[in-house]
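Shown next, in structure tokens, is the structure this report addresses.
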Amino acid sequence: MFHLHNSLSYYLYPLPVDMRKSFYTLSGIVKNDMAQDVRDGAVFIFVNRKGTIMKILHMEYAGMVIYHKKLESGRFKLPGFDENTVSLTINWQDLATMIQSVKPIKKRLKRKQY
């Protein structure tokens, strides 16, 4: 069941994250880098370097959940932020915009060599 909604607090980690990370290592980023506690019920959003994979970490009533989205093409459009930012507070609408406003990747056509 999808339990994300408008009344939750949302935090985007603006630095690229290795998407091999799971519950405990993402929780470590939340605690050590973002100075938050995942058990408080907020939602934490992580994106890889290419902007093609997003993981959302959230503590629900029955335990921790990771929502994982991988784009086949395009990139997530992240909000602007200062280079020294380690946690960006966003809202439900910002998250929806990031997911719905996927920027297409322009692919270069290779020329055939004769």
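Fair warning: this is a prediction, and the values are worked out from it, not measured in the lab.
Proximity of Leu71 to Phe76: side-chain heavy atoms (C-beta onward) are separated by under 4.5 Å at one or more points. At a threshold of 4.5 Å between non-hydrogen side-chain atoms, the residues Met54 and Met98 count as touching. Using a 4.5 Å cut-off on side-chain heavy atoms (C-beta onward), Leu88 and Ile45 make no contact.
Here the side chain of Thr25 pairs no donor or acceptor atom with the backbone of Lys21 at under 3.5 angstrom. Formation of a donor-acceptor pair under 3.5 Å by the Asp94 side chain with backbone atoms of Ile90 is not found in this model.
When hydrophobic residues (I, L, V, M, F, W, Y) are linked wherever their side-chain heavy atoms come within less than 4.5 Å, the members clustered with Ile29 are Tyr11, Tyr13, Leu15, Val17, Met19, Phe23, Leu26, Val30, Met34, Val38, Phe44, Phe46, Ile53, Leu57, Met59, Met64, Ile66.
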Quiz item: After noting the C-alpha distance and the side-chain angles of Asp18 and Asn48, does the key distance pass the side chain to side chain contact (heavy atoms under 4.5 Å, CB included) rule?
Solution: CA-CA 6 Å; Asp18 180 350; Asn48 69 338; over 6 Å; no
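Distance check, rounded to the nearest 0.5 Å: CD of Gln93 to OH of Tyr10 gives 9.0 Å. Asn91 CG to Leu8 CG: the interatomic distance, rounded to the nearest 0.5 Å, is 11.5 Å.
When all heavy atoms are compared, the tightest approach of Pro14 to Ser87 is CD-N, 4.0 Å. When all heavy atoms of His58 and Glu60 are compared, the pair lying nearest together is ND1-CG, 3.2 Å. Residue Trp92 comes nearest to Asn6 through the heavy atom pair CB-OD1, 3.4 Å, listed as atom of the first residue, atom of the second, then distance.
Taking Asp40 as the reference, Asp37 meet the side chain to side chain contact (heavy atoms under 4.5 Å, CB included) condition, with sequence neighbours excluded.
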